[in-house]
Visitor: 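Encoded as C-alpha cells, here's the structure I'll be asking about.
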Number of protein chains: 2
Amino acid sequence: MSITVLVVEDEPAIQDLISFNLKKSGLTPICASNAEQATVMINNVLPDLVLLDWMLPNMSGLEFARQLRRNTRTQVIPIIMLTARIELEDKVSGLEAGADDYITKPFSPRELTARIKAVLRRRIPEISDEVIEAGGLKIDPATHRILAYADDSCSKYTEIKLGPTEFRLLHFLMAHKERVYTRTQLLDRIWGDHVFIEDRTVDVHIRRLRKVLEKVQKDNLVQTVRGTGYRFSSESAVHSEE
Amino acid sequence: MSITVLVVEDEPAIQDLISFNLKKSGLTPICASNAEQATVMINNVLPDLVLLDWMLPNMSGLEFARQLRRNTRTQVIPIIMLTARIELEDKVSGLEAGADDYITKPFSPRELTARIKAVLRRRIPEISDEVIEAGGLKIDPATHRILAYADDSCSKYTEIKLGPTEFRLLHFLMAHKERVYTRTQLLDRIWGDHVFIEDRTVDVHIRRLRKVLEKVQKDNLVQTVRGTGYRFSSESAVHSEE
DNA sequence: AATTTGATGACAGTTTTGTGACACATCAGG
DNA sequence: CCTGATGTGTCACAAAACTGTCATCAAATT
C-alpha cells in the first residue's frame, strides 16, 4: 500500500527537495505548484495527506486548506502547513484553518517525515484490540497474550507464546471462526495483498501454530478443509467417517 | 515527571496567581495571554491540560476550545474553563465546546489544584502522581522514588535510582501494565509527539531500565514482545517447556 | 496404482533485538 | 571558562528469533 502525499509548493527547488525526501522514506509524492493545480489533482486521486505551503500564488495556503475542509470528500485529509519562521509570528494561525500540524522552514528531512508519520499515525484508527475467546482459547491483542484453559472450568490456564506471524494468523482465524479461508485469502488478509509468497507457506505457518497448540491440546481447533483451506472451529469437530 | 499546564489568561495578576499556585503543587505552568500566543505555544509543547479563561481578547475562550477540539493533535487535551460567577449561565456552552470542567472566579488555590488533578486522573492515569504498585515494584511519582520489594512479605525493600527518561518509561509502562506498546507509541507518549528520535532509541532505554532492575531481580517485569514492542507485566509469564 | 493435496522437518537467509561504545549535550561548582 | 558528572541519542555489531522455500513423506481421491 503506497501512501500518497500531495505537495503544494510553488518553489521548484523546495518541491524537489521534499519530493526526494518523501520518496526516500517510502511515500509517494505528487506535486502541485499552486492551489488550482492542486485542486485538479485532488479530483483525480485523493491523497492520504497534504503538505501545504503557507504562501502560494493567487490563493493562499490558508484559503486552500479551508477549501479542503469545506468539502466532504477532502474533509478528513490531514494537512501539514509549511511556513517560514517569520510568518510564524503572524497572528493568524494555520491551525485555525484546520491544519493538523505545521512545520517551519527550514526543516530537516527527518523532521519532515517524522511529522508526516506522526500525523498519519494519529489518523489511522487502532487495530481492533478486543479480546476474543473461543474453544478454551483467549487471545488478547492489547496485551499480546494468548491463554489456554485446561477445561471449561476456566480455573487453570497456560500462557502460549507465538511468533508474530502465528499470532496474527491465530488472531485472524479466531476473529472469523467457523469460516474457511483459502491459502490465498489468508495471505491477502494476514500478510497483505501485495506480498509475493508461495501459497504453501501458509501450510508451514499452520503447522507451526498447531505445534504450539498441541502442547495444550488445542490443535484440533485449527482444522484443514481439504481442497479449500483452513478454518478455526470450536464446534465439536468430530468428522464422521464413511 | 513534570505535568505542564497551559494557562491562557489575559489578566497578568490572575496569571501570576495561578502560575504560583500551580508551581506550588508540583505542576509546570506555561502562560499565554491570548489565543494566538497559546496556539503557538501548543505547537511547541503539547501541554497535559489547558486552563482557559472564558473571556479573552480577540478570540473568546470558547472559540479557542473549539479550535483545540477540532485539531487531532490537541483533541484529547483536557480543558478547564475559568469563568466569573456572572458568566456562570454560560456554563452549558462551555461544556458544549468540550471543556472537561470549569471553575468560577474567585476560586481557592486548593479548589484549583484539586480540580486539575481530578481531571488529569480521569483522563490519563500515567500523568497523575498516584503511587503505582505492581510485581513487587512501587513507584511514587510525587516523591520520585522507586522501591523494590525482595519478596511478597513487603518487609524488605531496596530503593532504586533511575535517570529521568528511564523513570518516565517505567512509570508509563507500570501505569499501563500488561499492555503492549510499540516503540513509536512509547516515543509519542513518553518523549512527546514532537520529538524526532529513532525508534531504536527506545531499545536502549529499555536496556538501561532493565540493567537497573536486574540488580533487584525485577528485570523480568519488562518484557519484549517480538514484532511489536514492550510490555510491563507482573503476571507470571509461565512458559510451558516442551 | 496413480494422482492430487496436505503435513512435516530441515535449512539458509532475513529481520528484529540486545548491547557496548561513543559523541554530544547540559549543568553544577570551581 | 573550564571540568567532571550525568544523561541522551545513534551507531555498529552480535545474538536471537523468525520466515519462506524445498524435498519428502503421508493421506485422501480417482
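Just so we're on the same page: letters track the sequence lines, and every chain starts at 1. If you're wondering where the values come from, they're calculated on a predicted model, not measured in any experiment.
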Visitor: Whole angstroms only, please: what is the CD1-P distance between I197(A) and dT14(C)?
Guide: 14 Å
Visitor: Please give, in whole Å, the distance from dT19(D) P to D199(A) CG?
Guide: 18 Å
Visitor: What integer distance in Å separates E198(A):CD from dC22(D):C1'?
Guide: 10 Å
Visitor: Could you tell me whether T201(B) contacts a base, only the sugar-phosphate backbone, or nothing, with contacts defined as non-hydrogen atoms closer than 4.0 Å?
Guide: base
Visitor: Would you tabulate the pairs of protein nitrogen or oxygen atoms and nucleotide nitrogen or oxygen atoms of nucleotides 26-29 of chain C closer than 3.5 angstrom?
Guide:
none

Visitor: Would you call the rings of W191(B) and H205(B) parallel, tilted or perpendicular, taking 30° and 60° as the class edges?
Guide: perpendicular
Visitor: Can you say whether the rings of F172(B) and Y181(B) are parallel (under 30°), tilted (30 to 60°) or perpendicular (over 60°)?
Guide: perpendicular
Visitor: Closest approach of S233(B) and E178(B), non-hydrogen atoms and distance?
Guide: OG-OE1, 2.9 Å
Visitor: By nearest nucleotide on DNA chain D, pick out whichever of L162(A) and F196(A) is the more 5' one.
Guide: L162(A)
Visitor: So, applying side-chain contact (heavy atoms from CB on, under 4.5 Å) with L49(B), which one of T4(B), I79(B), V5(B) is it?
Guide: V5(B)
Visitor: Can you check the R200(A) CZ to dT19(D) P distance for me, whole Å?
Guide: 19 Å
Visitor: What's the CG-C1' distance between L169(B) and dT8(D), to the nearest Å?
Guide: 13 Å
Visitor: With respect to the side chain of Y230(A), which nucleotide from dA7(C), dT8(D), dT19(D) is positioned closest?
Guide: dA7(C)
Visitor: On the nucleotide dG20(D), are OP1 or OP2 found under 4.0 Å from the side-chain N or O atoms that W191(A) carries?
Guide: yes
Visitor: Name the closest nucleotide to the R183(A) side chain, picking from dG9(D), dG6(C), dG20(D).
Guide: dG6(C)
Visitor: Atom CD1 of I190(B) and atom C1' of dG7(D): how far apart are they, to the nearest Å?
Guide: 16 Å
Visitor: Given atom CD of E214(B) and atom C1' of dT19(C), what is their separation to the nearest angstrom?
Guide: 11 Å
Visitor: Roughly how far, to the nearest 0.5 Å, is OG1 of T184(B) from CG of D199(B)?
Guide: 3.5 Å
Visitor: Of all of residues 202-211 of chain A, which get a heavy atom below 4.0 angstrom from DNA chain D, listed by number?
Guide: V204(A), H205(A), R208(A)
Visitor: Does the side chain of T224(A) get closer than 4.0 angstrom to OP1 or OP2 of dA7(C) through an N or O atom?
Guide: yes
Visitor: Which heavy atom in A32(B) sits nearest to a heavy atom in L6(B), and how many Å separate them?
Guide: CB-CD1, 4.4 Å
Visitor: What's the shortest heavy-atom distance between S234(A) and A134(A), and which atoms?
Guide: CB-C, 4.3 Å
Visitor: Counting only N and O atoms by type, is there a donor-acceptor contact under 3.5 Å from the side chain of E166(B) to the main-chain atoms of R207(B)?
Guide: no
Visitor: Compare the minimum distances between each of dT15(C), dT8(D), dG20(D) and the side chain of R226(B), then state the nucleotide with the smallest one.
Guide: dT15(C)
Visitor: Rounded off to whole Å, could you give me the CD-to-P distance for the E166(A) and dC18(D) pair?
Guide: 8 Å
Visitor: Counting only heavy atoms not in R145(B), do more than 12 fall under 6.0 Å of its CZ?
Guide: no
Visitor: Of all the heavy-atom pairs spanning L22(A) and V7(A), show the shortest one and how long it is.
Guide: CD1-CG2, 3.8 Å
Visitor: Looking at dT19(D), I'd like to know if its phosphate oxygens (OP1 or OP2) sit under 4.0 Å from a side-chain N or O belonging to T165(A).
Guide: yes
